[in-house]
Undergrad: 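The structure's right below; bear with me while I get my questions together.
Proteins get letters first, then strands, A, B, ... in listed order; numbering begins at 1 in each.
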There are 2 protein chains.
Amino acid sequence: MSRAGETGVQSALSTLRILEEVARRQPVGVSELARIADMPKSSVQRYLATLQQAGWLRIVDTERARWGLTAKPIGIGLRAAGEGGLREAALPAMRALSREINETVHLAMRDENSLVIVARRDGTQTVRTYVELGTIAPIHGTASGLSILARLPDAEVDAVIAAGLAAHTGTTIVDADTLRAEVAATRERGYAINAASWWRPHVAAIGAAITDRTGRPLAAFALSIPTVRFDPADAPRLGALAVAAADQVSDLLD
Amino acid sequence: MSRAGETGVQSALSTLRILEEVARRQPVGVSELARIADMPKSSVQRYLATLQQAGWLRIVDTERARWGLTAKPIGIGLRAAGEGGLREAALPAMRALSREINETVHLAMRDENSLVIVARRDGTQTVRTYVELGTIAPIHGTASGLSILARLPDAEVDAVIAAGLAAHTGTTIVDADTLRAEVAATRERGYAINAASWWRPHVAAIGAAITDRTGRPLAAFALSIPTVRFDPADAPRLGALAVAAADQVSDLLD
DNA sequence: CCTGTCGTTCCGATGGTTGGAACGACGTAT
DNA sequence: ATACGTCGTTCCAACCATCGGAACGACAGG
């Protein structure tokens, strides 16, 4: 079916696809899902019934049969987040950091070549950056990602490069050597700076990695600042604060 | 296949079953999963490959092929938790509450006739109650659940009763009229008391509901206290604190 | 050396899955 | 009032994806 012609239970893949679409668009109806996923309505209906039977979905609006998630995925998601250990450990530091600088702080967890935004603390400014929780971000295109790469051995950095450097804005680093240089600069600096909107337009960021006790990076804090408010001269101060907070959380782990 | 002979894509149900088992037991191998789920090893292997292809699982230990969750479920779980809105709104109050009484505070979200434990703040005591995040708890067998039932109209309480009152310990309320009386007492009191280990042995609890602006209960705080340390005379003070915290969060919603 | 268990791969028979077609209900434009 | 479009839902026969037993090499321990 798909070009990545692997083995795989087709019906299960389709069912999971529907699950993900419901998660993204809930509350949502059968026809809309069928259109989005380009599947027959009757098939989608069957997948929905299957997911309901498995306890993942339920009809949240009986009037017009809108589907939504049950609470079961919460438990699965929390386990994926390491029983919330990292998240819970990081939240206090995030709050303090956010208060100190009065800007949005994100917690991003690494998953292979991606990051997942798993927590956020906002500042009080009227103009704020915003990314939805659960969003997947590229590791090579974010300050958080760079701060993580900087803590990895060169071989793993090369593996990320080998996987391909997709462009997200006109300024995303897509050249291998440029990225290696940025990693080197980040290692020296101790924190990462994205002043050029690598990923999202008009957003600058400072990144600092959180490591386990072996020094392996698991996640990172990002100070997300609208470019219009970002002054490069502030970077050292912000960077030092971010690193201090990240180190504090790192020390809490295990 | 199962007695609840519904329609449903069998292979998808089996695949989801494997996903849940991996979530619960990660890191885990093929054979163990096959034993637990009572499925042929080759089938489990195929389901795992399917879930990997869908991006939900990956091999976390290449040496012995142990499977674990990717970060994708985190995003799904966060959306199930209402983009974290309730959770994020409740965490500060939970922290304050936990500090004040120096006991464990749980946040439980309602899902039909169940609760899901979605957050926890511990006190500093050596002996603590412990339930894993993501655990499903019965609404009729917990202080949090009772506090939620007390905010629901009688018709919905009856619906919960009609769904069946399963016993979890020898003291779980399984009689409809006893439960109705307890609901009435909770309504009058404003908070729920479980001093008899309805759900988990040796655990007492005080529950207070969190409502949306229409007054509908969405979740609840539970003060979870080992029975040995629980003094019924403290209930009014603890209850008042729990209600105050819950109300404070309720006011934050929307 | 033998045994048990691990993860992985293969393949023919089978029955679960598929999706077009049709239904009644509803809201809207004609 | 009529015609039309869309909604969610149900049914069924043909087909092909799925199933699971069997066998593989690798490994650890007795």
Undergrad: Can you tell me the distance, in whole Å, between the CD atom of B:Gln53 and the P atom of D:dT18?
TA: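 In whole Å, D:dT18 P lies 10 Å from B:Gln53 CD.
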Undergrad: Rounded to whole Å, please give me the gap between CD1 in B:Ile18 and P in C:dG7.
TA: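 After rounding, the reported distance stands at 13 Å.
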Undergrad: Where the side chain of B:Arg35 meets the backbone of B:Ala37, is there a donor-acceptor pair that is under 3.5 Å apart?
TA: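 Absent.
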Undergrad: Within the structure, does a side-chain N or O atom of B:Tyr47 lie under 4.0 Å from either OP1 or OP2 of D:dT18?
TA: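 Negative; the distance criterion is not met.
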Undergrad: Taking CD from B:Glu32 and P from C:dC6, how many angstroms apart are they, rounded to a whole number?
TA: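 In whole Å, C:dC6 P lies 9 Å from B:Glu32 CD.
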Undergrad: With nearest nucleotides of DNA chain C determined for A:Lys41 and A:Ala12 from heavy-atom distances, which residue corresponds to the more 5′ nucleotide?
TA: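 Per heavy-atom nearest nucleotide, the more 5' residue is A:Ala12.
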Undergrad: Is A:Arg66 side chain donor-acceptor paired with the D:dG8 base, going by distance under 3.5 Å alone?
TA: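 No, the side chain and the base share no sub-3.5 Å donor-acceptor pair.
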Undergrad: Just to verify, which of A:Thr142, A:Val203, A:Leu146, A:Val174 counts as forming a side chain to side chain contact (heavy atoms under 4.5 Å, CB included) with A:Trp198?
TA: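 Only one option passes, and that is A:Leu146.
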Undergrad: Would you tell me whether A:Glu20 and B:Trp56 have side-chain atoms, one donor and one acceptor, within less than 3.5 Å of each other?
TA: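 Short answer, yes.
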Undergrad: Whole Å only: how far is the CG atom of B:Asp38 from the P atom of D:dG20?
TA: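 Rounding to the nearest Å, CG of B:Asp38 and P of D:dG20 are 10 Å apart.
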Undergrad: Taking the six-membered ring for Trp, are A:His140 and A:His168 parallel (under 30°), tilted (30 to 60°) or perpendicular (over 60°)?
TA: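 A:His140 and A:His168: tilted rings.
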Undergrad: Give a yes/no answer on whether the side chain of A:Gln45 brings an N or O atom under 4.0 Å of OP1 or OP2 in D:dT9.
TA: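 Yes, A:Gln45 has a side-chain N/O under 4.0 Å of OP1/OP2 on D:dT9.
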Undergrad: Give the rounded distance in Å between these two atoms: CG of A:Leu48 and P of D:dC7.
TA: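 Those two atoms, CG and P, are 14 Å apart.
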Undergrad: Salt bridge or not between B:Asp38 and B:Arg17? Use side-chain N to carboxylate O under 4.0 Å.
TA: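 Salt bridge: no.
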Undergrad: Compare the minimum distances between each of D:dA22, C:dG19, D:dT18 and the side chain of A:Gln10, then state the nucleotide with the smallest one.
TA: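 Ranking D:dA22, C:dG19, D:dT18 by closest atom to the A:Gln10 side chain puts D:dT18 first.
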Undergrad: With the side chain of B:Ala65 defined as its heavy atoms from C-beta on, choose the nearest nucleotide among C:dT18, C:dT8, D:dG8.
TA: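 Shortest atom-to-atom distance from the side chain points to C:dT8.
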Undergrad: Please check the phosphate of C:dT8 (OP1 and OP2 only) for any side-chain N or O of B:Arg64 closer than 4.0 Å.
TA: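 False: B:Arg64 side-chain N/O out of range (4.0 Å or more) of C:dT8 OP1/OP2.
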Undergrad: Would you mind reading off the distance between B:Ile59 atom CD1 and C:dC6 atom C1', rounded to a whole angstrom?
TA: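 Result: 13 Å.
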Undergrad: For B:Ser11 and C:dT17, is the shortest distance between a side-chain N/O and OP1 or OP2 below 4.0 Å?
TA: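 Result: yes.
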Undergrad: Specify the separation, in whole Å, of atom CG of A:Leu13 and atom C1' of C:dT17.
TA: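 In whole Å, C:dT17 C1' lies 14 Å from A:Leu13 CG.
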Undergrad: Find the distance B:Arg46:CZ to C:dT9:P and express it as a whole number of Å.
TA: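 My rounded result for the distance is 13 Å.
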Undergrad: Tell me whether the OP1 or OP2 atom of D:dG20 has a side-chain N or O from B:Ser43 closer than 4.0 Å.
TA: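 For B:Ser43, the contact criterion (side-chain N or O under 4.0 Å from OP1 or OP2 of D:dG20) is met.
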Undergrad: Mind checking if A:Ser31 touches a base, just sugar-phosphate, or nothing, with heavy atoms under 4.0 Å?
TA: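 Sugar-phosphate, no base atom in range.
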